[in-house]
Number of protein chains: 2
Amino acid sequence: MLSKPATLKEIARKLNISISTVSRALHDHVSIGLTTRQKVKRVAAEMNYEPNQTAVFFQKGKTFTIGVILPELSEAFFSSATSAIEETAYQKNYTVLLAQSHDNAQKEIELVEKMKNHRVDGLLVSLAKNTCSFEHFERLKKYDIPVVFFDRIPPLPNIHSVACNMETGTIEAVNYLLKKGHRAIGMINGPKTLFASGERKEGYIKAIQKNRLKFDASLIVNCDLTEKDTERCLTELLANKRKVTAIVTFNDYIALFAIKQTRSLQLPANENLEFVSYANLPLINYMEHVPVASVEQFPYLQGQKATDILLELLANKERNSVKQAAFYNITIESQLIENNKED
Amino acid sequence: MLSKPATLKEIARKLNISISTVSRALHDHVSIGLTTRQKVKRVAAEMNYEPNQTAVFFQKGKTFTIGVILPELSEAFFSSATSAIEETAYQKNYTVLLAQSHDNAQKEIELVEKMKNHRVDGLLVSLAKNTCSFEHFERLKKYDIPVVFFDRIPPLPNIHSVACNMETGTIEAVNYLLKKGHRAIGMINGPKTLFASGERKEGYIKAIQKNRLKFDASLIVNCDLTEKDTERCLTELLANKRKVTAIVTFNDYIALFAIKQTRSLQLPANENLEFVSYANLPLINYMEHVPVASVEQFPYLQGQKATDILLELLANKERNSVKQAAFYNITIESQLIENNKED
DNA sequence: AACCACTGCGCAACCGTTTGCGCGAAAAGT
DNA sequence: ACTTTTCGCGCAAACGGTTGCGCAGTGGTT
């Protein structure tokens, strides 16, 4: 008994008026008399009228849909960001079309293509790890589909982006450890190729120098982010001639690997070894031995801001406002969060 | 310089042929000669033709979009399931429209409405915690939008569903502990109101009885899933006159709370206290002291199966096959996974 | 030479909605 | 009483494709 939704045409026939009148009446157009307007609305309700959005989308050339392309949804950071994106979009009556690149640059290209075909109104993107060319995004400009990058943003001028500045958080982190009395602070950083690694290193150095201490390059080691390599980095740091009593790690996972290591090593020196990490993932709440602090990167906020920007761009477009010469680039200051565990 | 995508019409004019010929040529329709077909394709490529999907969707009354409504994307279980949904859908050229109910029944209703307006081809739903009426889903049948429920499924006949049967896993879990020599096995179960709690209890009892042991109801306590209440449950179990040496917990979080507790209590008895939990969340991999085993619920698989079913239903619809009298109901057997940690 | 089948393509309707424009009638202005 | 304005509504095009049907031309069969 599948009763296809009623259309404007059917309402029109039932009332013996024109389709356009029905359409206008339902939109409270001024040129439709009060009585007809009410009649139309009543009948529409009776017939369970629902506008066919696909027709509207088609007609208006707008889908009220924003595409989201990110590496991996099941990563806590991204699922949190996506959650924010969906919520923010929902409030402005937009829906979210979701796709994962799985950190595959090729798939990312295909997805951009697909999003374009779906005629999304705009795109939110967090780059795949190995994306190094950006023409597929350039092409979107031709179709007037705005793109806002978040978290993993390309090194390009003239883009819209939201990202977290790691430097501040790192400075805070190092300061925090210095205040607690640590003097030899190690850092297990990420691969040198990552932009984020550079920011962390900069922050480390600035904090050290502002405290009028001497920067010792041997205290920073680069890690490929695997558990094995973390082990290597840890032993390297512990073997340092200076007695490392605190370590800043590239992210929570590295910290957890390292903590596990130190505890299994059972060195007396490790009793006081303190860790600070990045991300502040929810799993931290469930750990027994957690880093003493974590640099929060606000995935939820990033998702929210990025969506705000995109919606703003879309609203501007609607208003036919002057050609956008402005580019939105928000950097959120990362922030140190102490983990108050009664541990 | 926003060059709107080329349309069939423009290609047709350029070649001095009709629109329909262009359309058919691009679809390799038999009735178009080889030469024209090639000419059309060449020009289409030159002009950067991209079919306007919204037009196609509208025309065909099909959007190649499936809606996903779930409680909270940032929960590991759901982000993993969603990841699977997206992937499976992607392979069949469908895209995913995402929305979160935040465990709010009212919002769930609105979302269903919105999905209907967006003319999604089908819907994947995991219910909000407090959803108790299901008319909003019934209404979809009128519009011929199939719905497949997963994980949190409604207690209704004649629906499509994918869910995990906890009984098997629980039996395995208890058996596993019995084989390891435990005789007094406690259980921190969820609230009695949850269906899933019942399944776990059943499994527990069956395993005990199959091993010709006597079921002791005092060994099962119900927890409201907060950390505080977990504490209460734990002390209650440890105070039991029988000496509890192993505990099955409702989920990983409860297990972690409990493990943290036992270690801070420092009772000698706790040295050998073993835990088994459910879910097998990724965070387990990063724990120092993990449950000895976990009942896996296969979020990824659930998402995959649910999507498979939905796509199958859609394919059937296309084939105009007889009115669906069949209902797909897949129950995945939960399965005990040992956590091999060299701990 | 008449008939038929087949090939290759165009015509036009259709999907449901929006919207510029025009038109008749009623109300208002002179 | 005649013109002008306002009001209320309908006509029809447009958005970009898809598809049933028809039609001309070609080639083959009797």
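What you are looking at is a predicted structure, and each value in this text was computed from that prediction instead of being measured. First the proteins, then the strands, lettered A, B, ... as listed; each starts at 1.
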Next item on the list: Whole angstrom is fine here: how far is it from CD1 in B/Ile11 over to P in D/dT18?
Entry: 11 Å

Notebook entry, point to check: Does A/Lys9 make a side-chain N or O approach to OP1 or OP2 of C/dT17 shorter than 4.0 Å?
Noted result: no

Next item on the list: Would you please confirm or rule out a distance under 4.0 Å between OP1 or OP2 of C/dC9 and any side-chain N or O of B/Thr21?
Entry: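 Answer is no, no contact under 4.0 Å.
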
Item checked: Electrostatic pair A/Asp308-A/Lys92, nearest N-O below 4.0 angstrom ->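 Judged by the 4.0 Å cut-off on N to carboxylate O distance, A/Asp308 and A/Lys92 do not form a salt bridge.
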
Check: Less than 4.0 Å between a side-chain N and a carboxylate O, is that true for A/Glu110 and A/Lys114?
Finding: no

Next item on the list: Name every residue in residues 23-39 of chain A that has at least one heavy atom under 4.0 Å from any atom of DNA chain D, in order of residue number, or write none if there are no such residues.
Entry: A/Arg24, A/Ser31, A/Ile32, A/Gly33, A/Thr36

Notebook entry, point to check: How sharply is the helix from C/dA1-D/dT30 to C/dT30-D/dA1 bent, taking the axes over five pairs at either end and rounding to 10 degrees?
Noted result: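 The value is 60°.
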
Notebook entry, point to check: Quick one: on DNA chain D, does A/Ile17 or A/Lys60 contact a more 5' nucleotide (nearest heavy atom)?
Noted result: A/Ile17

Next item on the list: Go through the structure and list residues passing ring-ring contact (aromatic ring centres under 6.0 Å, His included) with A/Tyr300, not counting sequence neighbours.
Entry: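 Checked A/Tyr300 against ring-ring contact (aromatic ring centres under 6.0 Å, His included); zero matches.
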
Check: What do you reckon, do A/Phe58 and the base of C/dT17 stack, with centroid distance below 5.5 Å and planes below 30°?
Finding: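 A stacking contact does not exist, since A/Phe58 is not both close and nearly parallel to the base ring of C/dT17.
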
Next item on the list: Using only heavy-atom distances, decide whether a donor-acceptor pair under 3.5 angstrom links the side-chain of B/Ser20 to the base of C/dC9.
Entry: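 Answer is no: no donor-acceptor pair is held.
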
Check: Considering only C/dT18, C/dC11, C/dC15, which nucleotide approaches the side chain of B/Gln59 most closely?
Finding: C/dC15

